[in-house]
Amino acid sequence: MVGGKIIEIMPIGKTPEGRSVSRLWCVDRSGDECAVHVEDAPAMPLLGDEVWWQAGKVYWDHDRRELRKVGYSYDPRAKV
């Protein structure tokens, strides 16, 4: 999975350089869920926006805007 519709946006901390980081939790058209961390920017996607990521960037707004991706995407659901 490399993107989907945002179902949750949560601040999670800061980079070592002190920049704010948020988690974007997404669901794709198949119902698969995945999350990715992004460095916050003045313009951020909103709940319901579609995003996709590749090579250290997260794209949204029909590829007109991008954010810096922090780390890898992952399954954010709790493991039992």
Side-chain angles (χ1 to χ4, degrees):
M1 183 173 162
V2 294
K5 187 178 287 192
I6 299 172
I7 58 173
E8 181 183 76
I9 301 171
M10 178 186 293
I12 58 162
K14 296 195 179 283
T15 66
E17 300 80 29
R19 296 182 188 102
S20 296
V21 174
S22 292
R23 178 181 73 185
L24 305 181
W25 187 335
C26 303
V27 61
D28 69 10
R29 292 183 177 114
S30 301
D32 293 327
E33 296 181 22
C34 196
V36 66
H37 295 176
V38 296
E39 193 173 281
D40 292 347
M44 294 285 288
L46 303 173
L47 289 178
D49 284 349
E50 290 195 16
V51 298
W52 69 279
W53 49 87
Q54 177 181 352
K57 297 195 186 276
V58 174
Y59 300 92
W60 93 99
D61 192 21
H62 304 285
D63 298 345
R64 292 184 292 235
R65 297 178 189 220
E66 63 184 53
L67 299 168
R68 182 175 163 262
K69 184 166 77 72
V70 179
Y72 297 99
S73 59
Y74 63 98
D75 184 346
R77 295 170 288 189
K79 305 287 189 253
V80 211

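Quick note: residue numbers are just sequence positions, from 1.
Minimum interatomic distance between Met44 and Trp60 (heavy atoms only, all atoms of both residues): C-CZ2, 3.6 Å. Minimum interatomic distance between Pro45 and Ile6 (heavy atoms only, all atoms of both residues): CB-CD1, 3.6 Å. Contact between Arg68 and Thr15 at its shortest, heavy atoms only, is NH1-CG2, 4.3 Å.
Residues satisfying the side-chain contact (heavy atoms from CB on, under 4.5 Å) test with Arg64, not counting sequence neighbours, are Asp61, His62. In this structure Asp28 satisfies the salt bridge (charged side-chain N to carboxylate O under 4.0 Å, His left out) test with no other residue, sequence neighbours excluded. Residues meeting the salt bridge (charged side-chain N to carboxylate O under 4.0 Å, His left out) test with Arg19, sequence neighbours left out: Glu17, Glu39. Residues satisfying the salt bridge (charged side-chain N to carboxylate O under 4.0 Å, His left out) test with Lys57, not counting sequence neighbours, are Glu66. Partners of Lys5 by side-chain hydrogen bond (donor to acceptor under 3.5 Å, both in side chains), not counting sequence neighbours: none found.
Counting Ile, Leu, Val, Met, Phe, Trp and Tyr side chains that sit under 4.5 Å apart, directly or through other members, Val27 shares a hydrophobic cluster with Ile7, Trp25. The other members of the hydrophobic cluster of Trp52, by chain and number, are Tyr59 (side-chain heavy atoms under 4.5 Å, ILVMFWY only).
Atom CD of Gln54 sits about 12.0 Å away from atom OG of Ser73, to the nearest 0.5 Å.
At a threshold of 4.5 Å between side-chain heavy atoms, the hydrophobic network of Ile, Leu, Val, Met, Phe, Trp and Tyr places Trp53 and Ile12 in two separate groups. When hydrophobic clusters are built by joining Ile, Leu, Val, Met, Phe, Trp and Tyr residues whose side-chain heavy atoms come closer than 4.5 Å, directly or via intermediates, Tyr74 is not grouped with Leu24. Linking ILVMFWY residues whenever their side-chain heavy atoms come closer than 4.5 Å, directly or via other members, leaves Val21 and Ile9 in distinct clusters.
A salt bridge (charged side-chain N to carboxylate O under 4.0 Å, His left out) check over residues 40-56, counting only residues at least two apart or in different chains, returns the pairs Arg29-Glu50.
Remark: the backbone N or O of Pro16 is not paired with any side-chain donor or acceptor of Lys14 at under 3.5 angstrom.
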